[in-house]
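For reference, the structure discussed in these notes is given below.
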Amino acid sequence: MNILGFLHCLWICFSVRTVTRIIYLPFAHLDMGHHPARSRLALVVALVLLCSTLSFGVAAQSQYSLTVDGGIDTPDKTVTVEGQSFDVSETVRVEPGDEIAVETSGPTDKQYRVNLLNKKNQIAAYNNTLSGEESFSFETEGLTPGSYVVAVYGADGNYKMIQPVVVSGYDVSTDVDNTVEEDSESTITVDVEPKQNAPELESVKVMVSNDDDDIRTLTASETDDGTYTATTTFETSGEFDVFATVRGTDTFNGEKEILGISDVQSITVDDDSSDSSGSDDSSGDSNTETPTMTTTATMTATQPAETTEPSDASPTDSPETTESAQTPAPTTTNTTSPLHAVQLLLFVLVVVGSVYQLRNQ
């Protein structure tokens with residue numbers, strides 16, 4: 001716990017003691033033994049004020065937000081940055097030379113910064129001395145295609161929110177039947193085309209998932225120059241999402257880094273038991289509608305803000321927008337402040353004490 005957190009705990013303790021005295025002050029001249037209702041009322045008001053204080057303390061930890069244009073919905077996964085773990089559910093795809101458009105919000109009374117981290121957790125670009133709501137862009141000109149992370153670095157020296165970003169080194173597209181039968185084998189075709197200065201490709205992976213957390217990763221085999229295929233069997237009916245990624249030789253977050261990612265395509269898996277019910281159709285024509293392919297919104301870059309030199313409170317020296325930037329100095333081991341546990345313990349102690357006092361009225 002840092003000094004600010006310790007002082008905040010002291011302030012909460014003082015507040016609880018002060019609030020309790022203030023609540024009981026109007027009743028000090030009364031015999032509480034003869035006025036149990038007033039005693040209970042005072043205790044309830046004190047507890048309500050305490051809960052408000054704790055809620056304010058928790059809200060102060062959640063003042064940050066991060067939005068990056070061009071996100072593609074992907075299965076939930078955990079990404080670790082400088083020892084802190086974050087759950088993410090989308091990946092942003094950016095073409096080389098395009099800008100990474102960022103919108104953030106943070107406290108207005110303190111400065112924060114946003115770092116663009118490469119696969120080695122080095123700062124490739126940054127924007128510091130931010131306050132409140134901000135909109136700006138990171139240039140990708142000169143960046144090596146591959147995996148990056150946009151990360152909000154808070155005023156307390158911890159990363160608050162992150163967003164994975166892929167600067168595309170390959171154009172990737174998938175081809176699969178929009179409607180397939182349950183328990184039948186389906187072939188997914190992936191077309192891969194390298195861009196200029198694309199890093200070496202190691203493998204092509206196909207991700208298949210649905211809302212029931214049925215997530216499978218398939219390794220596609222090359223069947224022709226730039227064409228890969230993977231097969232899978234859908235054991236259950238329903239809606240599934242399919243997309244493909246090109247993986248490189250370097251590692252990012254415990255797996256091979258992503259060099260390219262396709263749009264997400266939807267697949268409807270029909271229940272094979274529905275065939276008999278549909279055979280009474282006099283026309284004999286299939287009434288199955290072809291679902292619309294899910295597409296990703298095109299990224300709209302915002303006007304880049306002028307980058308300022310980092311302040312003395314910055315976690316690193318002023319890096320250039322290159323792959324050889326310095327590794328940020330601060331490291332942490334968790335994303336949850338110990339202050340929350342102290343507040344919870346304090347709240348439990350007050351509740352137990354209050355119940356005990358009520359029972360002795």
Side-chain angles (χ1 to χ4, degrees), residues 68 70-72 74-100 102 114-126 138-151 153 159 162-174 190-207 215 217-222 225-228 230 243-262 299 315-316 319-331:
V68 184
I72 300 174
T74 55
D76 294 346
K77 66 177 181 179
T78 301
V79 175
T80 302
V81 175
E82 291 296 312
Q84 296 177 250
S85 296
F86 300 88
D87 295 327
V88 297
S89 59
E90 68 174 25
T91 300
V92 171
R93 180 182 59 196
V94 182
E95 295 298 311
D98 289 349
E99 296 172 336
I100 302 173
V102 181
V114 176
N115 295 329
L116 178 64
L117 306 175
N118 63 18
K119 60 194 173 188
K120 297 179 181 179
N121 277 334
Q122 296 172 332
I123 298 179
Y126 64 93
F138 287 129
E139 300 286 345
T140 61
E141 192 71 36
L143 293 180
T144 301
S147 296
Y148 293 83
V149 167
V150 175
Y153 187 84
Y159 282 109
I162 69 164
Q163 175 59 63
V165 175
V166 173
V167 178
S168 297
Y170 291 82
D171 287 326
V172 187
S173 62
T174 60
V190 183
D191 291 322
V192 175
E193 182 177 351
K195 297 178 180 292
Q196 187 176 6
N197 300 322
E200 180 183 356
L201 176 157
E202 181 179 87
S203 63
V204 173
K205 301 289 186 179
V206 176
M207 299 290 295
I215 302 174
T217 301
L218 312 174
T219 300
S221 302
E222 187 170 15
D225 187 19
T227 301
Y228 296 76
F243 69 95
T245 59
V246 171
R247 302 284 177 159
T249 57
D250 292 334
T251 300
F252 170 73
N253 198 53
E255 60 184 16
K256 297 299 183 180
E257 72 165 328
I258 299 176
L259 303 178
I261 184 170
S262 72
M299 185 194 74
T316 64
E320 297 294 332
T321 308
T322 62
E323 289 286 315
S324 60
Q326 297 294 321
T327 301
T331 58

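Starting from 1, each residue takes its place in the sequence as its number.
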Only one of Val192, Val204, Asp191 passes side chain to side chain contact (heavy atoms under 4.5 Å, CB included) with Thr227, and that residue is Asp191

Heavy-atom side-chain proximity of Ile72 to Phe243 below 4.5 angstrom: no

Note, Pro75 side chain near Met207 side chain (heavy atom, < 4.5 Å): yes

message = I want to check something: taking the side chain as every heavy atom from C-beta on, are Val79 and Pro164 in contact at a cut-off of under 4.5 Å?
response = yes

Between Pro145 and Gly169, the two heavy atoms sitting closest are CB-CA, 3.6 Å

query: Where the side chain of Asn115 meets the backbone of Leu117, is there a donor-acceptor pair that is under 3.5 Å apart?
result: no

Would you find a donor on one side and an acceptor on the other, under 3.5 Å apart, between the side chain of Glu90 and the backbone of Gln163? no

Scanning both residues in full, the closest heavy-atom pair of Ala244 with Thr174 reads CB-CG2, 3.6 Å

4.5 Å side-chain heavy-atom contact, Asp76 and Asp87:
no

Next on the checklist: Measuring only between side-chain heavy atoms, which start at C-beta, is Tyr159 closer than 4.5 Å to Val149?
Outcome noted: no

All heavy atoms of Thr140 vs all of Glu95, minimum pair found to be OG1-O, 3.8 Å

I'd like to know if the side chain of Glu257 reaches the main chain of Phe252, judged simply by a donor and an acceptor atom lying under 3.5 Å from each other, with no hydrogens or angles considered.
no

So OG1 of Thr78 and CZ of Phe86: to nearest 0.5 Å the spacing works out to 11.0 Å

side-chain hydrogen bond (donor to acceptor under 3.5 Å, both in side chains) pairs touching residues 246-255, sequence neighbours excluded, are Lys119-Asp250, Thr245-Arg247, Arg247-Glu255

Query raised in the report: Just by modelled atom types, is the Ile258 backbone N or O under 3.5 Å from a matching donor or acceptor in the Ser147 side chain?
Result: yes

Non-hydrogen side-chain atoms of Leu143 and Leu116 separated by less than 4.5 Å:
yes

Nearest heavy-atom contact between Val68 and Val92 is O-CG2, 3.7 Å

Nearest heavy-atom approach of Ala230 to Thr219 is CB-O, 4.3 Å

